Number of protein chains: 2
Amino acid sequence: MVTIRQIAEEAGVSRGTVDRVINYRQGVNPDTEKRVREIAERLGYKPSVPGKMLAAKKKKIKIGFLVFDTPVALFFRDVYSAAKQKALEMDNLGISVKFYKAKQLDEQYLAGVLEQVEKDHLDGLILAPLHLPVFSEFLKRIEKSGIPAVFYNVDNDEGSRLSYVGCDYKESGRVAAGLTALSINNKGPIGIATVLDEKSPSSYERLMGFRKEIKKENPDITIINEDADYIFQENNCDAILELVEKHPEMKALYVINPGDCSIFEKVMARAANKDLKIITNDLLQKQRQLLKKGIITATIGQQPDVQGTLPIQMLYDYLVLGSMPQKDKIYTSLQIYIKQNL
Amino acid sequence: MVTIRQIAEEAGVSRGTVDRVINYRQGVNPDTEKRVREIAERLGYKPSVPGKMLAAKKKKIKIGFLVFDTPVALFFRDVYSAAKQKALEMDNLGISVKFYKAKQLDEQYLAGVLEQVEKDHLDGLILAPLHLPVFSEFLKRIEKSGIPAVFYNVDNDEGSRLSYVGCDYKESGRVAAGLTALSINNKGPIGIATVLDEKSPSSYERLMGFRKEIKKENPDITIINEDADYIFQENNCDAILELVEKHPEMKALYVINPGDCSIFEKVMARAANKDLKIITNDLLQKQRQLLKKGIITATIGQQPDVQGTLPIQMLYDYLVLGSMPQKDKIYTSLQIYIKQNL
DNA sequence: TTGTAGGCGTTATCAA
DNA sequence: TTGATAACGCCTACAA
C-alpha cells in the first residue's frame, strides 16, 4: 500500500506537491512532476479508496436521476425502487441523489422537467435519453456544460456519456428466438407482435435480432407476419387478436412490448386450448402472475435493479474515486424466466 | 450525517468514551453509557463507512479462502478466479485474502490442509464444508475458536456460520423440470442421470426437486428411471448410455452432474438423430461449447462469481463495518442458459 | 512553484 | 472510568 506520503518522502517534496502531480493540477515544475510521476509509477501507487471517500464528503456531491413515471413505462418503476435504495446508501457516504420524475412523455412537459434539471447544480446526471428532439437539445447542452452523464435503458449517440447501462436489445431478440424455438421443438408457424412502441429503437432491434436468429438457426420455423410495418401498426391490440384468429396453426407468439399486459389474457382466450406458447420481455408484476398461471411461457429480463443501481455507482466511482467505467456499454444479463425461477 | 464527535459534544464526554459505548467495550460508567446511547439513538447515529474503512487498515485483517482444485470439481475453478479478483480489490483496502487449495478430496489430505488453515491466525474463513468427518471436526473447532465463517456452495449445519452463499439445489431441480417440460412440450418419457456424486446432498436435492415438480405440473411426462438408487449407481457413464439405448422413445435427459462432460457427446452419439433434449447444470467451458453446438439444450447456472466474491464482501462487512449479513442464506440466481445467452 | 496544516470519522494508545 | 491525541490516506486553503 503506497501512499502519497511515501512518494513525497522518496521524492523529497511535500505531500501537496505529490497530490498536485497525481491529480494533474496546475503549477508544478516539469522536472519535479516527472520525478514524482516516475516514483509513483515505480512504487505502484494506487490511491486509497477510503481516503478518497473520506475526503469527498466535503464536496457535497449531487447526482440527478431522471425517471419516467407513467402508466405505459412501468418498467421504470422497478428501476426507480432499486435506485431509491441505492440513493440511501449514497446518503451515508455523503452523496445526495435527487430524483426527477417525468409523469408524461410529451415534449412540452419533458422540456419543463429538463429545465428543472439544468437549474439545480448537479455534479452528475443519470437518464434514459429517449429519441426525441427535447432530449437531443438537452444532451448537447449537458455535454457542453461538462457534466458527466450515464445513460440507462436507452442509449443515444447524440450526446457523449460516461457509459450506457441497459439491455442489448438485439441479443434480447436473439434469446427470444432461441426460447421460442425451444418451446415448439424448432418447427411450425409463429407470430410476432407488439402492443406499444411505434418502432422505438428497442423494439425494432429486438425484432431484427429475433428474425435474424430464426432465419439462421431454424429453417423449419416460419414467421407468419414478417413485415415490420405490419407489426408496428396502430391500434395493435386488435391487430394482434386478429392475427391469432386468422392463424389457428400458430404455435408461438413473441410479444415484444406487451404494454399493460392485458393482451396476454385476450390472446389466450381467442386461442383457447390451442397450446399457443407466448414469449415476451421483462418481468413486471403482471408478467410474474401470468407466468405462474401458465399463460406466458417464458420471458427475458433486463435487470431493472442493475439499471437503477449501477449508474449511481459508476458516477460515484467517477466523481469520488476518479475511475472511469470499465466499458463503454454495460449490458444487463439476458436472464430467462419461466414459471419455476421467478 | 451524525458523527461520534457530535454525540460526544452533546453528551459532554470525549470521543473515546462514545467509541467505547458504541462498540460495547469495557469500562464505561453505566450512567454515562446510558446517556450516550440515548443520544446516539436520538440523533440517529450511523457509523461512517469510509471512517471505519480507514481505521480498519491498522487491524491487518486476514481472511482465509478454501477452494478445491481437482479435476472432478471444475466448478470451483470459476469460483476461485472470481475470488482472486476480489482479493486484489481487498488488498487495496488493506485486507489480505489467503487461498488454500485442496488438490485432493480424500480425508487424510484434507486434514492436512485444514491443519494448515488453523495454524495461520485468520480473522475470518470462507469454505465449502463438504459433508465429511474431517469437516465436521474442523467446523466444531472453528466454531469454538470464534472465527467467523461463511460457507459457499455447500451448506452444513454441523457448525455455525455467518451465512451461506450458494445454490438452492431443490429449486434448481424444479427449474430443470420446467425447462425439460418446456423443451418437449409437456409430454413424453424422460430420463434422469448423473455421472459423479454418489448421492451428494446437492445432487440428491436437485433430483428431489426435479421429480416433485414434474409430478406436480406434468401429468403427461413419465420419468423412465424413478429410483434414486438406480440413478446414483456406480460406473454411471455406462449405465447412462445403456439407459439411452434401452429407451429410444426418450425425449429428454436431465443430467444432474455431468462430471467431465464427456458423457454428453457419448449420449448424443448413441441417440443419433433422435432429437433428444439434454438439460443439465452449470456453465463451465465445456458446457458452453456444447450448448453452442446444440448438443446441450439448456443448463442452469449457480453464479460461481457470486460464490467467490460475495463471501469475501460479507466477511469484510462483518469484520470492518460490523454489519451482519442480511440473510442466513443467500441463494444464487437460477439463471437459465441456452445457445443464445451464453 | 512549493510547503504546511487541518479536516474528513473512527479507533487505539497512553495518560490522567 | 475518562480524556487527549495520533494515526489511517487524501484533499485543499493558505502561506511562503
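Every chain is numbered from 1 and lettered A, B, ... according to where its sequence line falls, protein lines coming before strand lines. Computed from a predicted model, the values in this text were never measured in an experiment.
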Check B:Glu10 with B:Arg42, please: is the shortest side-chain N to carboxylate O separation under 4.0 Å?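 A salt bridge is present here (some side-chain N lies under 4.0 Å from a carboxylate O).
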Determine whether the aromatic ring centres of B:Phe135 and B:Phe151 lie less than 6.0 Å apart.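 No; B:Phe151 has its ring centre 6.0 Å or more from that of B:Phe135.
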Can the ring centroids of A:Phe68 and A:Tyr100 be said to lie less than 6.0 angstrom from one another? no
Classify the nucleic acid contact of [X] as base, sugar-phosphate or nothing, counting any heavy atom under 4.0 Å across all strands shown.
| X | result |
| --- | --- |
| B:Lys57 | sugar-phosphate |
| A:Val13 | sugar-phosphate |
| A:Gly322 | nothing |

Is [X] near enough to [N] that one of its side-chain N or O atoms lies under 4.0 angstrom from OP1 or OP2?
| X | N | result |
| --- | --- | --- |
| B:Thr32 | D:dT2 | yes |
| A:Lys52 | D:dC11 | yes |
| B:Asn23 | C:dT10 | no |
| A:Arg25 | D:dT12 | yes |
| A:Ser48 | D:dG9 | no |
| B:Thr17 | D:dG3 | yes |

Take atom CD of A:Gln26 and atom C1' of C:dT2, then tell me their distance rounded to the nearest Å.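 Result: 15 Å.
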Distance check needed: D:dG9 P versus B:Leu93 CG, whole Å only.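 For the pair B:Leu93 CG and D:dG9 P, the rounded distance is 12 Å.
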Which label fits A:Phe99 and A:Tyr80: parallel for a plane angle under 30°, tilted from 30 to 60°, or perpendicular past 60°? perpendicular
